[in-house]
**Q** 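Okay, handing you the structure first.
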Amino acid sequence: MKNYNPQEIEKKWQKIWEEHKLYKTPDKSDKPKYYTLVMFPYSSGDLHIGHWYNFAPTDVFARFKRMNGFNVMEPIGFDSFGLPAEGAAIKRGIHPADWTKENIANMEKQLQSMGAIYDWSREIISSEPYYYKWTQWMFLQLYKADLAYKAKVPANWCPSCQTVLANEQVVDGVCWRCSSVVERRELEQWLFRITKYADELLDDVEALDWPEKTKTMQKNWIGRSEGVEINFPVISNKKGDIKEQLTVFTTRPDTIFGVTFMVISPEHPKLSSFVIQENKEAVSNYIEEVKKKSELERVALEKDKTGVFTGSYCENPLSRVKVPIYVADYVLMSYGSGAVMGVPAHDQRDWDFAKKYHLDIVEVIRGGDVANEAYTESGEMANSDQFNGLDSKEAKKRISDYIEKEHLGKRKINYHLRDWLVSRQRYWGAPIPIIYCEKCGLVSVPETDLPVLLPYDVDFTPKGKSPLATNSEFVNTKCPTCGGKATRETDTMDTFVCSSWYYLRYPNPDLEDKPFDTDLISYWLPVDTYVGGAEHTVLHLLYSRFFTKALKDFGYLKFGEPFKTLRHQGIILGPDGQKMSKSKGNIINPDELVKAYGADTVRTYLCFMGPYDQGGPWNPKGIEGIYRFLTRVWILTNKQKDIFSAQELTVEERRFMAKTVKKVTDDLTCFRFNTAVAAIMEWFNFLRGKKTVYGEEIKNLIILISPFAPHLAEEIWQIVFNSAKEFEPKLSVHNQLWPAYIKQHLEEKEVWVVVQVNGKLRDRLLVAVGTSKEDIQKLAEGSPKVSKFLKDKVLCDIVYVSNRLINFVVS
RNA sequence: GCCGGGGUGGCGGAAUUGGCAGACGCGCUGGACUUAAAAUCCAGUGGUGGUGACACCGUGCAGGUUCGAUCCCUGUCCUCGGCACCA
């Protein structure tokens, strides 16, 4: 018998699989399809153990599905546009395109060592023209449908990187890469009108098979809140005549009689018209102060409310009370109408503000102690004219009705979700396919002219404007409409645009005249199981859902949700329990693990570590346990080779085998990899303790283990069953055997019944299934372990659970 | 502050969702093999008491419901994520 040599075995089988094109996914098949996908990896350079943790168990799952008779597609590709490529390229003096290509070549090699069933002919690289051509096409479709537009908006500007950053690239007010304090700048930017789909995105999330946490995060991100927009007439301090209206948004119209002041955002466009002469200086000083404050400081100062009186007043349209208008930076221009009504008695922020500036606090809902803090719950209405005595929940409806009836305002729904800013002033991204013509204005690039190629020779070191603008050959062009002089848009698209539709491309990666074939897409999509990290995924997942919904409305898709089932993998920490990082020197390199133990061991250990969505510290000793296990499997199966025979198994043996098969099936279906491995180990330990292990048992062992350790399984299959030509211990065998087998052998004829006295375990009885309560009672009472606890006691009751338990209640 | 997930041996974690707590693995202890070590194999391994069969205690803490609670309810402490002046 040869020693277990994983490296040799793995090399051998990976070659055979490739030669036989075993894992080439047919476009269509009679088999039911199964589309399983991991989140588009970024072409960062090296695969780390976190990638493996994402990909390996997912491949175990994909292999499992394949063995169960599905036409499985498990594609792979690279998300390869983006700022890190530029950063690394600048640092190392390599062009981003070359850097990216190098990285991808390396990552492909690493991925191949894993033994996954990727169909490499379907690989997608998002920075290649054949792909971004269709990213640009997507942009044009959105533009056509008025879902893409250009507007002046406040954007996050990093003064050090000299570029706009996405919201997700700003962490606690500083740039994620250089930690500079991010500034707000008003800039002309391209945006996608995702807010148009806010309700649909919110409503449809409920039915998805996604982790509840992720669904909640999406719901919170969309942040729908129902309220009322109310117009307050403005009275200038001097004259008292009505010259303007101030519109506020509130979710608490029931508190309107408690308004004692108004607050307007420093960025509010109408602000200057409210400021009277005497207060002009104070207000402009205040605005200057606010401008100086960075986002970071605004957050850090948190609850400390500041503001200045404008000098004007509002009239409460319901109570006719005159209240002062303040400007304060705790009111955000970006939400609601940029102005709020101050109800200190029932809103803590307003309460804080009122206390600081000695404004009145008028209680209109009973139930709290408004002298000490705001009362934000519901209760009985007071000080509210005709609404007094009502419950505030009811008053909310009545007051809203009244406001609408009297034309003082209207019901309104607001969202936390903003339109998606997609312009980037960077080089390494898909160019936005728009042309500016002196005569015709803004013109889209005709679809036949796509792709708008990203030029290679560009000075991409950050200079504060789009690098593409420095390349006159790129910039200067002809207007597609009039043929006159025109210039190209020089911003590129956010990489999240690339990853918002890539899952639609895998079924038809080589299609030249369209991004995807609707019929083929209808067969493969939606993705059955989508797997990726829980961090940073709200945006990608939301964007992808938005794209799918928009493309459906355009008539290209027949489904409205891209990812039916979503699972997250946890984060693997260093052996020290810290997040892995170069500076801490606690990085686990998968290549070294493969070299030491083989891919099969790494795959299986990643599955066995713990619950998949949990992750946790890497245990260098733990992987040795798996290596031992696989070695033992190798030894046992090889040893038993000669006595392989069609011997009959006992009932007990069959049951254990069937139980294991069922457990592994159930666990893998639910992504419980750790307990699936444990079940195989348990059964294996039983086999190891037997004098003779039969061929049927070995066959099943190999089948069960093959999704985890496919190379090992192939090798043993070949050795034990002497089938030199056959590869992949197909579950077609298994398929027929599996469900019928379970049915036949799992049915138990005898069961252990637990005997308790006052709920405490005292004995166990092995009885035939269906034994009567009376017989079990007799047996139990006859047991000395039980009877000694029944002696001298009064029997009050007997609880009996059929085939499971009997409990004597005594006193 | 708001929302959500967790607290089980020395460690990672199991437990058919109310019915044998600690599966499986790591580690540790003892033994076999070896001149020796490594590797491998065998046995043991929640705590306390007892030579022992056994007994009692034990799933963050305090109560409650129940014949019976790791699981359900109330309170409380700790911890990890996400969002955060959203009116």
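The sequence lines fix the lettering, A, B, ..., with proteins before strands; numbering per chain opens at 1.
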**Q** Return the CZ to CD1 distance between A:Arg252 and A:Ile365, rounded to the nearest 0.5 Å.
**A** 4.5 Å
**Q** Report which part of the nucleic acid A:Lys788 touches: base, sugar-phosphate, or nothing (heavy-atom distance under 4.0 Å, all strands).
**A** sugar-phosphate
**Q** Can you tell me if the side-chain N/O atoms of A:Lys659 get under 4.0 Å from OP1 or OP2 in B:A23?
**A** no
**Q** Closest nucleotide of RNA chain B for A:Ala678 versus for A:Lys213: which of these residues is on the 5' side?
**A** A:Ala678
**Q** Under 4.0 Å, heavy atoms only, any strand: does A:Asn414 hit a base, just the sugar-phosphate, or nothing?
**A** nothing
**Q** Taking O4'-C1'-N9-C4 for purines and O4'-C1'-N1-C2 for pyrimidines, is B:U74 syn (within 90° of 0) or anti?
**A** anti
**Q** From OH of A:Tyr375 over to P of B:G1, roughly how many Å is that when rounded to an integer?
**A** 19 Å
**Q** State whether A:Asn674 places a side-chain N or O below 4.0 Å from either non-bridging phosphate oxygen (OP1 or OP2) of B:A23.
**A** no
**Q** Using a 4.0 Å heavy-atom cut-off across all strands, classify A:Glu212 as base, sugar-phosphate, or nothing.
**A** nothing
**Q** Ignoring backbone atoms, test whether A:Ser225 places a side-chain nitrogen or oxygen under 4.0 Å from the OP1 or OP2 oxygen of B:A87.
**A** yes
**Q** Let me spell it out: for each of A:Gly616 and A:Ala679, pick the nucleotide of RNA chain B with the closest heavy atom. Which residue's pick is nearer the 5' end?
**A** A:Gly616
**Q** Give the C-alpha distance, both sets of side-chain angles, the deciding distance and a yes or no for side-chain contact (heavy atoms from CB on, under 4.5 Å) between A:Trp52 and A:Ile572.
**A** CA-CA 10 Å; A:Trp52 268 73; A:Ile572 300 186; over 6 Å; no
**Q** Remember a base hit wins even if backbone is also touched, and classify A:Gln756 as base, sugar-phosphate or nothing at under 4.0 Å, heavy atoms.
**A** base
**Q** Show, in sequence, the C-alpha distance, side-chain angles and deciding distance for A:Trp683 and A:Lys663, and conclude whether the side-chain contact (heavy atoms from CB on, under 4.5 Å) test is met.
**A** CA-CA 11 Å; A:Trp683 183 49; A:Lys663 173 85 175 139; over 6 Å; no
**Q** Out of B:G19, B:G13, B:G25, which nucleotide sits closest to the side chain of A:Phe608?
**A** B:G25
**Q** Does any part of the side chain of A:Ile230, heavy atoms only, come nearer than 4.5 Å to the side chain of A:Thr247, both counted from C-beta?
**A** no
**Q** Side chain of A:Tyr330 only, please: which of B:C54, B:C26, B:C85 is the nearest?
**A** B:C85
**Q** What is the separation between atom CG on A:Asp329 and atom P on B:A87, rounded to the nearest whole Å?
**A** 18 Å
**Q** Select base, sugar-phosphate, or nothing to describe what A:Phe789 touches, counting heavy atoms under 4.0 Å on all strands.
**A** sugar-phosphate
**Q** Among B:A15, B:G19, B:A87, find the nucleotide with the atom closest to the side chain of A:Leu805.
**A** B:G19
**Q** Starting the side chain at C-beta, find the nucleotide from B:C56, B:A87, B:G68 nearest to A:Val331.
**A** B:A87
**Q** Taking B:G7 as the reference, what is the distance to B:C56 when you measure between their C1' atoms (whole Å, please)?
**A** 26 Å
**Q** Within 45 degrees of the axis of the six-membered ring of A:Tyr330 and under 6.0 Å from its centre: does A:Lys305 put its NZ or CZ there?
**A** yes
**Q** Hey, could you give me the CD1/CZ distance between A:Ile264 and A:Phe274, rounded to the nearest 0.5 Å?
**A** 5.0 Å
**Q** Determine the Euclidean distance between corresponding P atoms of B:C26 and B:G19; express it in Å to zero decimal places.
**A** 29 Å
**Q** Stepwise, does the salt bridge (Lys or Arg N to Asp or Glu O under 4.0 Å) test hold for A:Asp209 with A:Arg567?
**A** CA-CA 9 Å; A:Asp209 175 21; A:Arg567 295 288 114 102; 2.7 Å; yes
**Q** Less than 3.5 Å apart, any donor N or O on the side chain of A:Tyr335 or A:Ser225 sitting next to an acceptor on the other?
**A** yes
**Q** Report the distance from atom CD1 of A:Ile798 to atom C1' of B:G19, rounded to the nearest whole Å.
**A** 17 Å
**Q** Measuring only the P atom in each nucleotide, how far is B:C24 from B:C77? A whole number of Å is fine.
**A** 39 Å
**Q** Hey, is the side chain of A:Lys305 pairing donor to acceptor with the base of B:C85 inside 3.5 Å?
**A** yes
**Q** Give the nucleotide from the list B:G13, B:C24, B:A55 with an atom nearest to the side chain of A:Arg762.
**A** B:A55
**Q** Could you give the distance separating B:C11 and B:C28 at their C1' atoms, to the nearest angstrom?
**A** 11 Å
**Q** Write down the distance separating the C1' atoms in B:G6 and B:C61, rounded off to the nearest Å.
**A** 16 Å
**Q** Between B:G82, B:A87, B:C54, which nucleotide has the shortest distance from any of its atoms to the side chain of A:Lys785?
**A** B:C54
**Q** Tell me what A:Asp797 touches on the nucleic acid: a base, only sugar-phosphate, or nothing, going by heavy atoms under 4.0 Å.
**A** nothing
**Q** Using the C1' atom in both, what is the distance from B:C80 to B:A87, to the nearest Å?
**A** 30 Å
**Q** Just to be sure I understand the rule, does A:Val809 reach a base, reach only the sugar-phosphate, or reach nothing, if contact means heavy atoms closer than 4.0 Å?
**A** sugar-phosphate
**Q** The side chain of A:Glu682 is closest to which nucleotide in this list: B:A23, B:U16, B:C67?
**A** B:A23
**Q** At 4.0 Å (heavy atoms only), tell me whether A:Asp666 reaches a base, stays on the sugar-phosphate, or touches nothing.
**A** nothing
**Q** Return a single string for nucleotides 38-51 of chain B, one symbol per nucleotide in 5' to 3' order, where B is base contact, S is sugar-phosphate-only contact and - is none, cutoff 4.0 angstrom on heavy atoms.
**A** --SSS---------
**Q** Since syn is defined as within 90° of 0, does B:G6 count as syn or as anti?
**A** anti
**Q** Mind checking the C1' distance from B:U8 to B:C78? Whole angstroms is fine.
**A** 15 Å
**Q** Scan A:Trp634, A:Phe629, A:Phe656 and name whichever one has a ring-ring contact (aromatic ring centres under 6.0 Å, His included) with A:Phe684.
**A** A:Phe629
**Q** Just the rounded figure in Å: distance from C1' of B:G4 to CH2 of A:Trp210.
**A** 17 Å
**Q** Write down the distance separating the P atoms in B:G52 and B:A38, rounded off to the nearest Å.
**A** 31 Å
**Q** In terms of side-chain geometry, is the basic nitrogen of A:Lys410 or A:Glu229 positioned less than 4.0 Å from the acidic oxygen of its partner?
**A** yes
**Q** Say you draw a straight line from NE2 of A:His268 to CD1 of A:Ile325; how long is it, rounded to the nearest 0.5 Å?
**A** 10.0 Å
**Q** Looking only at the side chain of A:Val799 (C-beta and beyond, no hydrogens), which of the listed nucleotides B:C67, B:G13, B:G12 gets closest?
**A** B:C67
**Q** Do the non-hydrogen side-chain atoms of A:Asp254 and A:Lys393 ever get within less than 4.5 Å of each other?
**A** no
**Q** Treat a base pair as Watson-Crick or G-U wobble with both distances under 3.5 Å, then lay out RNA chain B in dot-bracket form, 5' to 3', with | for cross-strand pairs.
**A** (((((((..(((......[....)))((((((.......))))))((((....))))..(((((..]....))))))))))))....
**Q** Side chain of A:Pro611 only, please: which of B:A14, B:C3, B:C20 is the nearest?
**A** B:A14
**Q** Heavy atoms under 4.0 Å, any strand shown: does A:Pro617 hit a base, just sugar-phosphate, or nothing?
**A** nothing
**Q** Please report the distance, rounded to the nearest Å, between CG in A:Leu704 and P in B:C24.
**A** 17 Å
**Q** Before we go on, tell me: are the rings of A:Phe353 and A:Phe261 under 6.0 Å apart, centre to centre?
**A** yes
**Q** Looking at A:Trp618 versus A:Tyr605, is the centre-to-centre ring distance below 6.0 Å?
**A** yes
**Q** Would you mind classifying the nucleic acid contact of A:Gly625 as base, sugar-phosphate or nothing, using non-hydrogen atoms under 4.0 angstrom?
**A** sugar-phosphate
**Q** Between C1' on B:G68 and CZ on A:Arg804, what's the gap in Å once rounded to a whole number?
**A** 13 Å
